[in-house]
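To find a chain, count down the sequence lines: A is the first, B the second, and so on, and within it residues start at 1.
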Amino acid sequence: MKNYIFNKQGRNFITMVIASLIIVFAVSCNKDFLVEKPTSFLGPDNTFNTADGFKTAVVGLYAAQRRQIVGEDYGLFFVGTDIARVGLTLPKNKYIEELGSNVQPSDFGSFWDWGYALVGNANQILDKLKTTDVVWAAPADKAQVEAESRFFRAYAYRVMTYCYGDLPIVTELTKPFRNDFTRQPVAEVQRLIINDLKFAEVNLPETTTFDGKLVKAAAQHYLAEVYLYINKPDSAEIWATKVTTSSNFKLMTSRFGNALSQPGDVFSDLFKENNANRTKGNTEGIWVQQWQYNVIGGDEGGYTWDRRDMVPFYSLNSGFVLADSLGGRGIGRVRPLTWWLNAYESQDIRNSKYNIRRHWYFNDISKPALYGKELPITDILRNSGSLYESSTKFDFAVTAVNPSFVNSAKDKYIIRLPETYLLLAEAQMKRGKLAEAAASINVLRSRANATPVTAAQITMDYILDERGRELFGEEMRRLTLVRTGTFMDRVVRLNPITGPVFKPFNVLFPIPQTAIDANTGAELKQNPGF
Amino acid sequence: IVSVNSAKLEKTINSNLTKTLQGTVPGLEITNTSFKAGAAQTITIRGDNSLSASNAPLIILDGIPYDGSLNDINPGDIESVNVLKDASSSAIYGARSANGVIIISTKQGKEGKPKISFSSSYGVGSIANKIDMLNGDEYISMLQEYKRWRNLTTNFDPLAILQTNEIPNYQAGKTTDWIDLGYRNSMQLNNEFSISGANEKTSYYNSIGYHKENGLALGDQYTRVTLRSNIKHIPTKWLEIGSNLQFSYSDYSGTTPDRTALVYSSPYGQVKTSTGDWELYPVYPQTFLYSAFADFNATNDNHVYGGIVNVYGVLRPAKGLSYRLNLGYNLNSNYLGTYYPKNTNTGKGANGLASKTSNLNTRWTFENVLDYKTVFGSHTISFTGLFSREGNTSDQSYLTGQGFVSDATLYNFMTSASIKNISSYYTESYIESLMGRLNYDFGKKYFATFTVRRDGYSGFGANNKYGVFPSAAVGWTISEENFLKNSTSMKFVDLLKLRFSYGINGNMAIPAYRTLDSFSSVPMIFGDNSTTVNGLLNSVIGNPDLRWEGTEAYNVALDFGFFKNRLTGTVDLWKSNSKDLLMTRSVPVMNGYSSVWDNIGQVENKGIELSLNSINITKGDFMWNSSFNFSKNSDKITSLSQGETKNIANLWFVGEPLSVIYNYKQTGVWQLGQEAEIAASPQKGEQPGAARLEDVNKDGKLDASDKVILGSRTPSWRAGLTNEFKYKRWSFDIFINTVQGIKQDNGLLFPIKYGIDKNANFLNIPYWRPDRPNNRFTSVGYMNPWNIPYLDDASFVRIKDATLSYDLSSIGIIKSWGINKLTLSVTCRNLYTFTKWIGWDPETTVSGSEALGAYPSAREISFGVKIDL
C-alpha cells in the first residue's frame, strides 16, 4: 500500500472521487442535453408564428405551381390528343400516342404527385390559419393568404381531376400519415373547387403590381370553366362576363412591347420574351407564370419544357446550326397535327410567318453549298422530329450565350383573356345564344384579321377548333377535351396515330401505382382499362 | 479482436493506413472506389448492417472517437491497430459501434536515449491496365456498322460519316490517343521525421510528415503535411497526465480532364483550336459532346485542415482503482474554391462561374472512466464504469457567383459577380452514454465479461432518445486444462481457446433533426428581372417516434497455437441481425408528402473468418513465414416495412442481399436467321445483333414482371496471403489478395453510354457484326431500349505488394556513424491482377456509365530508406 496515498487520506480521496462521479452522473439526468434546438432551418413552429411567415409560405405555392411545367411529362398534355403527336420519339409520349400494352401506370403519375404536393402545402397553410393567432397588419391580408392558398388547392384538384377522374379529397395536411384514402366522385371534387374558387374570388385583389400574382379575374375564369364542366352554362356565362367586361383586361390590338423594331404583328408581340406581363403594357395576360433565365428564383430547378417540346430538332439536319432566329434549341418532342396547320385562313395573323414557321432555310455558314437555301419539309423529316411546321410562341433566345440550354425561361400565360372569351362563347352556345357566342369569338377573330364567324357556324367543334387556332400550346389541350367530353370523338377523327387505337377509357390517365401500393389501409381503385 | 502492430504496418511503403491494411485482416473490407490521388478507401467490418445509414466502422484514435479521414493520419505515427468485430468487445465504444470499431494507437516514446527516425520514399507508376480503344480505321468501320445496323444512311463514305472537326484530321491521317493525352506517370514522395524518448517519469513522441502524390490523371495531386506530439507524464505513482496532439493539412487541389470524355472522344477529334485553346467540341459543336479538356482551365482548390487535441489524466488512488478523465477536441475544416473561366465549357455560358464552400466540423468528447480490479486466489474481477458526453457541430457556407468582369480574380472577389447566391447550414447533435462492465477471470482458464450500456442521441424522438444495449462474452482456455497439459498425444497444442459472445449494439443511423418538420426555401420572382423573394415548401416531415437501430450479434471463435506456436490462428463464426433499421418509408402522396423516416426493416449477416499464421521454415539465417486470411459473409434482407416483400425503388428484396442487380435477363444475342423467332417474341421489331432477353413468365410480354435478380454487388468471399522470406540482411514480402463472387454492370460495354450516335469512340471488343456473330456483345447500333445491364464478373486475384528490403544496421561502419538502424527497401504495388473484367480496375465498383470514367489504378515502384539514430 506504500505505493499509493496512505490509507486514511486514500479513503477520503476515494470518497471524493466517487462523490464527484455521482455529481457527474447526476448531471446526466439533465434532460435538456439531448433536446434538439433548431436554429438553422424553418419549420411550421418558427414560420407560422408571424403574418410574414404565412406570406412566405404562400410564395412557396407559386413556386410549387410552376413545377407542373418542368419535366418531360408536360408533353403529355398535347401528344395523343386532337392537336399534336410525337415528333422525336420519347418512349412515354410514344406510349400515350400508340396506347399499346406499354402504358404503365407508373408513367403517368407526375401530375398526381405534383398536385397532391401542392394540395398538402396549401392545406398546411389553411390549417395553421385556423389554429394559430398571429397579428395581421390588415384583416384583408389574412383573407388574401387564405384566398391564394385555396385558389392553388382548387387549381391542383382541377388539373388532377381532368387527368385522373375521381380523387381522394384531402383538405388537411395529415400527420401522422394516413394510408386509407379512397377516391371520391368527380362531382365532389368539383364542389370543393367551386367553394375554394368562390372564396378566392371574393378575397383576391382586382389587380396587383406584382406580375404573376393571382387576381380576382383568375378565380372568375376558372369558375366559368368549372361551371361549364358541371354543365351550368348560365353560371359560367356570368363568371366569364365578369372577366370580359372588366376594365382591367382587354385584348391587345396593336403592336407593343420590346420587339417593335422587328417585323411582326400584335399576335407575335404577345409571345415575345418579357412581353407577357401587365407591367409591360400587356392587358391580355390574366395569370402569367413567371420565369427568368439565370436569375435566382427564375427557375424551378429546371425551366419550362415548352421550347424543348415544340421547336423541332432542326440541328440534326446537316446544314443547320442552333440559332435564336430559329427558336433556339428544341428537340421536337411535340408536333402539331396536319388539320391544325390547315385550319387557318391565309390572312389570319395567327397564321403569319411570324407565328408559324413553315419554311426552313439552311443557316450553317460553313456549308456554303447549302447556306440560305430552303430545306423542304417532307414526311420523313416530320416523322423524325427534326423538321416540321411549328409555332413560334415558344421560341426562346438564349442560344447565343448558352447553346446547349434546351429549356425555356420565357414567361408563360396560364390564363390569357382570349380563353375567357372562348369559355364565354361556349356558355352562350350551350344556352342557345348562338349570335352572342359568335360575337364573343369574333372579338378574337377580328383582332386576328380572320373572317367573322356566323351564328350558324357555332358548334362545340368550331369552338374547339378556334381554341386550337388561338391557344395552341398554351391551353393544356388534354384538359379541355376531358372537360368538354369531346376527347374520343375528336381524337378518332383528327389524330391518325392515336385515333384508330383509342378506347373510351383512354380519356383518363392511370393513377400512379406508387400511390396504390402505399395506400395499404384501403383500396385505391385504378382507373378502368389499366 | 485482430491486432496489427507497427512492425507489420511499416513493412511496405504506403501512403496511408487503409492501403496497408487492405486484405490483411479477415472481416475488414477495404475497397478502392477510386484510385485518385488521396482518395479515401471505403471500409466496412463484416458487411453492411444498415440500409440507409452509414456502414462505416467507428474509429477510435488514442481513445477518442475520430471523425476525420484515415488519410490524414501519418501512417508512420501508428503504433498499433486493433479491429473489434464482435458485439461484446466493441460494446465499450458504444453509441456507434454496431458497424465494428477500429482502434488506432499512436506511438509513445520508449525509455532510453532519444531516438531520431527518418524515413523517405519515392515512387513512380503508370496505368496498370490501359483499356484498348478502337483506332482510327476501326473507329470508322464501327461508325459504318452503327449506321448500317440502324439503317441511318446509304452513304458509307467516311467523309459523309465523319463530322466537321474530324474531317481535316482524317484527311491528314492524324489520330489522337485521348487516354495518353489525359494520363501521365504517377509519382509519390513521402518523408517522415520523428524524435522520441522517455525517462521514468516522462515520455514524448514528436513527428512531422510530408507526403506528395501526383495521380495518373493530368493535374491530379494530393499533398499532406502532418504534425504529431504525444506526451505522457507520471509525476507521482497515483497520477498520470498526458496529451496527444495532431495537426494535418491536406491539399486535394487540381483540375483534371473529364475521364469519361477521354474514353469516348473520337480518335479523329480535334484537340485544340487554331489559337491554341482547348477545342470544346472535338467532333462538332452541335453534338454537345464535350472535350475532356472543356473545363481543364478551371481552378479547383480544396484544402482540408484537421486538428486533434486530446488530454487525459489518470488517478490511481488505491491499488486496483483508477479514474480516468479524457477530454478530446476534434476539428476538421474544409475550404473549397472553384472557378470556371470564360474559355471553359462551364464558364462560357455563365461568363465566369465561381463557387466557394467552407465547412467547419467540430466534436468534443468528455469521458469519465472508473476502473477497479481485484485479485483473490485464482479469481480476478474487474469493473469498469463509464460516463461520457459528446457534442458535434457542422457548419457550412456555400457561395456561388457568375458573370465576372475578369477571370483574374478567380473565386476570391465574388463581390464583383453579377449574380450571387449564398446558402448556409448548421447542425449540432449530442450523444450521452453510461456504461458498466464486469470482467471475471478464473485461473486464466475461464473468462466472462458482461456489459450494459445506455446511449442517448439527440436526433431521436423525445421518448426514444435512449437505448439500452447489453452484451456478454465467455471464454475457456482449454489448453490451460490439465487434461490437455498432461496429455502426451496432444503435446503439440500450445494454445486452444474457445470464445463466445453475444450482444446488441446501437446505431444512430440518421442525421440530426429527422424527428422535426422542416421546410425548404424556394426562391421565386414576380415580374421580369424583379427581386427574388423566398417561399417555403414542405421538405422533411419529421417522425417523432424514431429510435435506435440495434444489431444483435453472436460470435463463436477458436484461437489456436500448435507446434510451439509455429502455427497459430483463429476461426470465427458469426451471425448478426440488425433490427429497427431506419429507412424512408413510402406513404401515400395524398398526405401531401410521400415518405417519412421510420424504424423498419431487418437485415441478417452471417459469416466465417479464418486467419492462419505459420512459420514454415527457420533454418540458420533463412526464415519463411506465411499468413493467410479468409472471410466469407452473406447478407440478406429479412424484413421490409409492413410485410412488404420488395421495394423496387430501392432494389430491396426480402431474402436477397442488400445490393443486387435486378433487371431483364439477357440470354444472348439475336443471330442472323432468327428473324422469324424475333418476330414471334416480345422483342418483335428488333433485329439480329440486339440483346436477346428472356420472357421469364412466358406471358408473351416483356414487362416489369420479367425482371429478375441477376447477381449481387457484394463479394461472396475475400482472402489474403502474405509470404515473408528472410535471409541474413535481406527480406522479401509478397502479398496477394482476392475478392470473389461479385458482379457489376460494365458500362464500358454499352455503345449507347459513349454517345456513338454523336460520333464517339468505342472499346475494342469483338462487337456483333454479321461477319462476326457472337452471343456476348451486341451490335454497336443496339440502343439498349430495355435498359439492361451488361454484367461482368468483377472478381479478381491481385499480386498487391511485393517488397524487398535490405537491413544495413549490423554493418560495422554504419554503427560507427551512430546509426542504430538503416534499411533500404523497394516495393512494387499492384504488380498484376488476374480478372475476367473488361475495363479499368475491377475494384472500382462504380457501375453503369460511370465505368467509362473510372479512375485507373497504377502499377507502382517505390524506393525507401529508413534511418534510426
Side-chain angles (χ1 to χ4, degrees), chain A residues 3-5 10 13-14 17 21 24-25 28 33-34 36 38 40-44 47 56-57 59-60 62-64 101 113 116-117 119-121 123 168 170 173-174 177-179 181 210-213 274 277 279 290 292 294-298 315 321-322 366 401-402 404 514-515 518-520, chain B residues 164 237-238 285-286 288 315-319 321 323 349 368 370 387 389 419 421 425-427 430 432 434 456-459 465 512-513 515-519 521-530 532-538 541 586-594 596 642 701 703-704:
Chain A
N3 287 338
Y4 297 89
I5 303 168
F13 194 86
I14 294 167
V17 169
L21 277 175
V24 167
F25 278 60
S28 77
F33 181 65
L34 295 182
E36 290 192 318
S40 54
F41 58 89
L42 291 172
T47 299
T56 309
V59 172
Y62 283 89
S101 62
D113 294 347
Y116 277 109
V119 166
N121 279 292
N123 280 341
V170 191
L173 184 77
T174 36
F177 68 86
R178 276 175 58 194
N179 57 6
F181 294 99
F210 295 99
D211 290 317
K213 286 230 173 186
N274 293 334
N277 280 335
T279 51
Q290 302 294 303
Q292 194 87 45
N294 238 354
V295 164
I296 292 160
S315 61
V321 289
L322 296 176
S366 74
V401 285
N402 190 356
S404 60
T514 47
N519 199 55
T520 49
Chain B
T164 316
K237 286 280 180 192
W238 52 271
Q286 305 296 315
F288 299 106
L315 288 173
R316 296 191 179 87
K319 192 180 179 198
L321 181 68
Y323 164 75
N368 301 274
L370 190 68
F387 171 71
R389 278 184 166 184
I419 301 173
N421 200 357
Y425 309 93
Y426 177 75
T427 57
Y430 298 95
E432 185 179 80
L434 203 57
Y457 172 50
S458 59
K465 290 202 187 284
Y513 311 130
T515 58
L516 305 172
D517 293 352
S518 64
F519 292 152
S521 183
V522 285
M524 183 70 206
I525 49 164
F526 293 104
D528 299 328
N529 296 311
S530 65
T532 303
V533 288
N534 285 298
L536 295 169
L537 288 173
N538 283 321
I541 299 293
S586 298
V587 302
V589 69
M590 293 78 85
N591 287 294
Y593 47 93
S594 56
V596 290
Q642 287 180 323
K701 287 199 293 195
D703 56 23

With respect to chain B, which residue among [options] yields the maximal number of heavy-atom pairs within a distance under 4.5 Å?
| options | value |
| --- | --- |
| A:G212, A:A57, A:G60 | A:G60 |
| A:G120, A:P38, A:S40 | A:S40 |
| A:V119, A:N123, A:D211, A:N519 | A:D211 |
| A:N294, A:T47, A:D113 | A:N294 |
| A:T279, A:L173, A:T514, A:V295 | A:L173 |

Side chain from CB out, backbone as N, CA, C, O: work out which of these in [X] comes under 4.5 Å of a heavy atom of chain A, or both, or neither.
| X | result |
| --- | --- |
| B:L516 | side chain |
| B:S521 | neither |
| B:L537 | both |
| B:S594 | neither |
| B:Y426 | both |
| B:V596 | side chain |

Inset, instruction - Considering only heavy atoms and a distance below 4.5 Å, find which of B:Y425, B:Y457, B:F519 pairs most often with chain A. - result: B:F519

Inset, instruction - Could you check which of B:G349, B:G592, B:P588 has the highest count of heavy-atom pairs closer than 4.5 Å to chain A? - result: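 Looking at each of B:G349, B:G592, B:P588 in turn, B:P588 comes out on top.
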
Inset, instruction - Supply the atom-to-atom distance B:N529 CG to A:Q292 CD, rounded to the nearest 0.5 angstrom. - result: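 Output value for this atom pair is 4.0 Å.
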
Side chain, backbone, both or neither: which part of [X] has a heavy atom under 4.5 Å from chain B?
| X | result |
| --- | --- |
| A:F41 | side chain |
| A:P168 | side chain |
| A:V170 | side chain |
| A:T56 | both |

Looking at every heavy atom in both [X] and [Y], which two are closest together, and how far apart are they?
| X | Y | answer |
| --- | --- | --- |
| B:P523 | A:I296 | CB-CG2, 3.9 Å |
| A:A515 | B:M590 | CB-SD, 4.0 Å |
| A:A518 | B:S586 | CB-O, 4.0 Å |

Backbone N or O of [Y] within a donor-acceptor pair of the [X] side chain at under 3.5 Å?
| X | Y | value |
| --- | --- | --- |
| B:D517 | A:G43 | no |
| A:E36 | B:Y513 | yes |
| A:N121 | B:N538 | yes |

Legend entry - B:I541 and A:F177, any side-chain heavy atoms less than 4.5 Å apart: no

Legend entry - 4.5 Å side-chain heavy-atom contact, B:D528 and A:Q290: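 Yes, close enough: below the 4.5 Å cut-off.
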
Inset, instruction - If the plane angle is over 60° it's perpendicular, under 30° parallel, otherwise tilted; pick one for B:Y430 and A:F33. - result: tilted

